[in-house]
Amino acid sequence: MAEQDRELEPGWLLSPAGRPYLDSILHKNQRRAFGLLERPALPPALAVPTVTYKLFLAGRSGVGKTALVAWLGGTPAPPAHHETLGIEATTLFWPAKPRASGRPVLFQLHLWDCGDGALRKFEHLLPACKEEADAALFLFSFTDRASFEELPALMGRVLGPGDRGLVRVVVGTKFDLAPHAAVTEGDVRAFEGTWGLRVLRAGGAPGAGRARAGLARVAPVLDALVEGLWRRDQVTAGITPGDKGDPPI
């Protein structure tokens, strides 16, 4: 995305202006885990609107859906792979600053992770995951070429005629395991050109997003996620001109 087309100020949360809002999602210099009814505490002078989005994660078993949620939220990743037996919902907060506004926005993201095996076995899980969802995240692993090649089939299986308002996001996990990469940058560029979708890159190192310094790794991915959703809302409201067709990120 060209710099002039950005809806949000990139990297704002890690700037001096964003420091009070960054502190609100940290506890003892670590990302804070929020309960279902909790939210970041800000002084009245810094109170900002909260925008809530539901994001559904889809991908074959082992690509790192649960690990991605942990990486984004700054919580410890599972020590070993285990198949998610049903639906696991995680809430995280991410403050960001729209360029057209003088006030930041607190984005509340509900991440729905459903095991691929359970999704195939129980027909009611996919409609439940997509119900009132704002985005679908399609995952592949840079270390698993089959998961990359299956992306078109995965999107076809998940998306239906009624999902035109769903923001589509493609995320490549385990990007930091370069020596074991089975998907090249050329593969990614070809995919982006064919499908018109930007591929976000996420690491796989345990705890990479936990400490304050680790936020620099997860910030570009979270900024891109909330920006795509925010732009969709601005286009829907007629505030920002949009392209025809499905709203990609």
Side-chain angles (χ1 to χ4, degrees), residues 1-56 68-76 89-112 132-135 137 165 167 169 171 198 200 202-203 207-242 247 249:
M1 181 182 295
E3 185 69 22
Q4 66 271 16
D5 296 330
R6 289 190 175 275
E7 297 286 339
L8 304 179
E9 294 185 13
W12 171 84
L13 186 61
L14 302 180
S15 71
R19 180 63 183 268
Y21 301 92
L22 174 61
D23 290 341
S24 74
I25 62 172
L26 297 177
H27 177 66
K28 295 183 179 180
N29 206 34
Q30 302 288 324
R31 292 282 293 282
R32 179 184 170 190
F34 291 92
L36 185 62
L37 301 179
E38 294 181 313
R39 56 170 291 152
L42 288 164
L46 297 178
V48 294
T50 300
V51 177
T52 302
Y53 293 125
K54 175 182 175 181
L55 300 87
F56 162 50
L68 175 65
V69 173
W71 188 75
L72 293 174
T75 57
T90 302
T91 299
L92 65 86
F93 290 88
W94 190 252
K97 174 76 164 50
R99 282 187 160 176
S101 171
R103 300 177 67 193
V105 173
L106 182 63
F107 291 97
Q108 183 178 18
L109 305 180
H110 298 295
L111 303 172
W112 283 47
E132 298 184 355
D134 298 284
L137 276 62
V167 174
V169 184
V171 182
R198 176 185 172 194
L200 304 181
R210 295 189 67 194
R212 184 185 295 266
L215 281 166
R217 301 185 184 96
V218 302
V221 176
L222 284 167
D223 279 346
L225 287 176
V226 298
E227 182 166 41
L229 290 160
W230 180 258
R231 177 174 175 78
R232 180 207 61 175
D233 289 350
Q234 300 301 293
V235 171
T236 301
I239 299 173
T240 299
I249 189 166

Subject >> Value rounded to 0.5 Å, distance of CG in L111 from CG in L68 >> reply: 8.0 Å
**OP:** State plainly whether the residues K54 and E132 are in salt-bridge range, i.e. N to O under 4.0 Å.
**Re:** no
Subject >> Nearest-0.5 Å distance that lies between atom CG in L26 and atom CZ in R32 >> reply: 10.5 Å
Original post:
Do the non-hydrogen side-chain atoms of T90 and L92 ever get within less than 4.5 Å of each other?
Top reply: no
Original post:
Can you tell me if R103 uses its side chain to pair, donor with acceptor, with the backbone of A47 under 3.5 Å?
Top reply: yes
Original post:
What closest approach, in Å, do L14 and A216 show between heavy atoms, and which atom pair accounts for it?
Top reply: CD1-CA, 3.8 Å
Original post:
Going by heavy atoms in the side chains, are P98 and V105 under 4.5 Å from each other?
Top reply: yes
Original post:
Under 3.5 Å, is there a donor-acceptor pair linking the side chains of D223 and W94?
Top reply: yes
Subject >> Atom pair CG (L72) and CG (L137), whose distance is rounded to the nearest 0.5 Å >> reply: 8.0 Å
Subject >> Plane angle bin for F107 and Y53 - parallel if under 30°, tilted between 30 and 60°, otherwise perpendicular >> reply: parallel
**OP:** Check whether any side-chain heavy atom of L13 lies under 4.5 Å from a side-chain heavy atom of R19, and answer yes or no.
**Re:** no
Original post:
So do the side chains of D134 and V167 get within less than 4.5 Å of each other, counting heavy atoms only?
Top reply: no
Subject >> Worked check of side-chain contact (heavy atoms from CB on, under 4.5 Å) between L229 and L55 >> reply: CA-CA 10 Å; L229 290 160; L55 300 87; 4.2 Å; yes
Subject >> Under-4.0 Å salt bridge between E9 and R99 >> reply: no
**OP:** Check whether any side-chain heavy atom of L8 sits under 4.5 Å from a side-chain heavy atom of R6, and report yes or no.
**Re:** no
**OP:** Nearest 0.5 Å please: distance from the CZ atom of R232 over to the CD atom of E7.
**Re:** 13.0 Å
**OP:** Taking the side chain as every heavy atom from C-beta outward, state whether R31 and V218 have any pair of such atoms under 4.5 Å apart.
**Re:** yes
Subject >> Chi angles and distances behind the side-chain contact (heavy atoms from CB on, under 4.5 Å) call for R231, D233 >> reply: CA-CA 5 Å; R231 177 174 175 78; D233 289 350; over 6 Å; no
Subject >> Spatial distance of atom CG (L222) from atom CD (E227) [nearest 0.5 Å] >> reply: 12.5 Å
**OP:** Could you tell me whether the side chain of Y21 reaches within less than 4.5 Å of the side chain of L46, counting heavy atoms only?
**Re:** yes
**OP:** Quick one: do V48 and L42 satisfy side-chain contact (heavy atoms from CB on, under 4.5 Å)? Show the steps, please.
**Re:** CA-CA 9 Å; V48 294; L42 288 164; 4.2 Å; yes
Original post:
What distance separates S24 OG from F34 CZ, expressed to the nearest 0.5 Å?
Top reply: 6.0 Å
**OP:** Could you tell me which non-hydrogen atom of R198 sits nearest to which non-hydrogen atom of A224, and how far apart they are?
**Re:** NH1-CB, 3.8 Å
**OP:** Check whether any side-chain heavy atom of L22 lies under 4.5 Å from a side-chain heavy atom of P95, and answer yes or no.
**Re:** no
**OP:** Please lay out, stage by stage, how Q108 and T91 fare under the test side-chain contact (heavy atoms from CB on, under 4.5 Å).
**Re:** CA-CA 7 Å; Q108 183 178 18; T91 299; 3.7 Å; yes
